[in-house]
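Below is one structure, written out as structure tokens; comments come after it.
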Amino acid sequence: MWRSGCRALAEAQAALDLSNPETVRDCLAQLDAAMRDAPWNIRTIYAEFPEAELEEATRTQAAAILGGGKAWACGLVQTRQCLLALAIQIRSLDHILHGMDTRYARVPSDPMREWLCKSGNAFVIPARRRRDLGSTAGDKLSYGRRGTRYYRIIPTALQKVPVRIVALAAADLSSVKDNVTLGGAIFPGLQVKTRKTPNGFRVQRVEHPDIDGCIKSQAESMSRAHAIVWPELTIDDKALATLTDHLAVLSLAQDAVPNVIIAGSWHRKVNGRIRNSAPILTGQGEEKGQHSKIVRFADDANRFEDIECGDEIIVLVCDRFLASVAICKDYCNLSEAPPWLALDVDFLLVPSMGKTTTMDGHINRAKTDRITHGLRAFVVQQGLVSKEGEPQGFILLAPQESTNDTCIEKAWNLYEA
């Protein structure tokens, strides 16, 4: 039974030395796993716990732990009591770890190793955007939206797909309550040309009057954004070189540069296989990795993208937020529950391409994610214009309610989140 497991975990952790930050980190990951393993009908009770009571109990329990008291659920027999005790212990260790973690704000040289707990099942990552729950703002929220304050527990795999951590910037702790600026760019007038293959189709080229000039202008105009996203299948290798070179030049003349740039995507070779790959760049134009699309798109002739599916999920650690990356149908595919829903991140950055119906799918998914998980999707979609009057592109920063709210014609746009 779940309660028996909680009591056994409490007894096992009572024998540990909680003056060691690494031990506290491991215990926090184990407690989080116990909470997420709770039967659904039990875990939903979490929303009934008033935030003020959780915070008061956390202060009391944290002081008790620091004074040598460690047991928390050994004698509990009622389900609600056990869930509340687990919730308080999670908050308490989250608070204690923050107080002893001398590396909280820095960027580790090897985040996959330094943030990994001993069990190998989760990363315990310092939060860049602390949850502002106040005395009542957290009331009625689920565990996924307020379980921890200072750390995010990220599983090493989601639905058996490995998670990779990319650390891009040190925490900006002086401005944890400030907004994040997100930049989105599209290419008005762009046309995408594809070619048929034996297994479907691949993009061949894009046609635009001056794509290099447009990219340079966009990069300059959005240089103060924390994150910038270009659309799916618009940045080929030549355009990518233009972007990376220009970012390097711009960074020399600026005291601040974007944390992360999702440089569109292209059907390109990655590790010997053709993928729909979105390069992940720093503000200086250095490539730190890529996200490869997992869910293939089918065109009007029912031809699928002739690509190798992606095999990992990326989590980006930036100065003011945590984010992940998806490409178009990875996110708007409503027939499957995407693994990103289990990630405790602030934003999902989504390069996309498609018509109004594509954006409809993004909006429908994003509405639910915002309510249930607190995740905000930032979708930058190049429009597929087939006749005059159709939108050149769409940008969604959830929770916009309708596709009409997302239509854009301008080549670049900034949003506060």
Side-chain angles (χ1 to χ4, degrees), residues 2-16 18-40 42-66 69-76 78-101 104 115-119 121-127 129-133 137-156 322 342-345 373-374:
W2 177 76
R3 291 196 308 272
S4 299
C6 287
R7 288 194 292 270
L9 179 59
E11 291 168 359
Q13 291 190 355
L16 300 176
L18 296 184
S19 65
N20 184 322
E22 296 307 316
T23 302
V24 176
R25 185 187 303 274
D26 294 338
C27 288
L28 180 58
Q30 292 170 1
L31 295 168
D32 175 79
M35 178 65 78
R36 296 182 187 278
D37 285 344
W40 176 78
I42 295 175
R43 195 171 61 251
T44 56
I45 298 172
Y46 191 100
E48 300 175 13
F49 301 148
E51 185 59 31
E53 292 183 16
L54 273 180
E55 277 298 284
E56 182 179 357
T58 294
R59 287 191 292 270
T60 302
Q61 177 67 356
I65 293 171
L66 292 172
K70 300 167 187 174
W72 53 273
C74 298
L76 299 181
Q78 298 296 321
T79 297
R80 184 185 181 90
Q81 286 181 314
C82 190
L83 188 76
L84 178 58
L86 177 59
I88 293 167
Q89 188 72 359
I90 288 172
R91 284 279 189 95
S92 299
L93 293 193
D94 178 64
H95 175 81
I96 289 170
L97 182 58
H98 178 247
M100 60 174 60
D101 191 350
Y104 185 85
W115 287 332
L116 181 66
C117 64
K118 286 182 181 178
S119 69
N121 295 327
F123 302 100
V124 180
I125 301 175
R129 174 173 273 202
R130 297 179 199 165
R131 295 182 170 99
D132 183 17
L133 300 175
D139 290 351
K140 300 182 181 179
L141 295 182
S142 64
Y143 173 77
R145 294 192 64 176
R146 59 172 175 145
T148 56
R149 299 291 295 269
Y150 298 102
Y151 290 86
R152 306 291 178 88
I153 293 89
I154 304 293
T156 54
L322 270 65
L343 279 180
D344 192 1
V345 297
H373 302 279

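The distance from the CG atom of Asp26 to the CG atom of Leu116 is 8.5 Å, given to the nearest 0.5 Å. Between Ile153 atom CD1 and Asp94 atom CG the span is 6.5 Å, to the nearest 0.5 Å. To the nearest 0.5 angstrom, Thr79 atom OG1 is 4.5 Å from Ile42 atom CD1. Taken from NE2 in His95 to OH in Tyr151, the straight-line distance is 11.0 Å, to the nearest 0.5 Å.
Using modelled atom types, one finds no donor on one side chain facing an acceptor on the other under 3.5 Å when comparing Tyr150 with Asp101.
Shown here for Ala122 and Thr156, the closest heavy-atom pair between the two residues is N-CG2, 3.5 Å. Nearest heavy atoms, Thr58 versus Arg91: OG1-CB, 3.1 Å. Here the shortest heavy-atom pairing between Ala34 and Leu9 reads CB-CD2, 4.0 Å. Between Ala87 and Tyr46, the closest heavy-atom pair is CB-CE1, 3.4 Å. Among all heavy-atom pairs drawn from Leu16 and Cys27, the shortest one is CD1-SG, 3.6 Å.
The side chain to side chain contact (heavy atoms under 4.5 Å, CB included) check on Ile65 picks up Leu18, Gln61, Gln89, Ser92, Leu93, Ile96, with sequence neighbours excluded. For Asp344, the salt bridge (charged side-chain N to carboxylate O under 4.0 Å, His left out) test picks out Arg131, Arg152, with sequence neighbours left out. Taking Glu56 as the reference, nothing meets the side chain to side chain donor-acceptor pair (under 3.5 Å) condition, with sequence neighbours excluded. Partners of Asp32 by side chain to side chain donor-acceptor pair (under 3.5 Å), not counting sequence neighbours, listed by chain and number: Arg36, Tyr143. The salt bridge (charged side-chain N to carboxylate O under 4.0 Å, His left out) search around Glu48 returns Arg80, not counting sequence neighbours. Scanning for side chain to side chain contact (heavy atoms under 4.5 Å, CB included) contacts around Leu84 gives Phe49, Leu54, Ile88, with sequence neighbours left out.
Formation of a donor-acceptor pair under 3.5 Å by the Tyr104 side chain with backbone atoms of Gly99 is not found in this model. Proximity of a side-chain donor or acceptor of Asp139 to a complementary backbone N or O of Glu51 within less than 3.5 Å is detected. In this structure, Arg3 contributes its side chain and Cys82 its backbone to no donor-acceptor pair below 3.5 Å.
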Chi angles and distances behind the side-chain contact (heavy atoms from CB on, under 4.5 Å) call for Trp115, Val124: CA-CA 5 Å; Trp115 287 332; Val124 180; 5.9 Å; no
Intermediate values then yes/no, side-chain contact (heavy atoms from CB on, under 4.5 Å), Asp37 and Arg43: CA-CA 9 Å; Asp37 285 344; Arg43 195 171 61 251; over 6 Å; no
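Side-chain contact between Pro21 and Leu97 is present, with heavy atoms from C-beta onward closer than 4.5 Å. Residues Asn20 and Arg25 have side chains not in contact (no heavy-atom distance under 4.5 Å, counting atoms from C-beta outward).
Here Glu55 does not pair with Arg146 in a salt bridge; the nearest charged N to carboxylate O distance is not below 4.0 Å.
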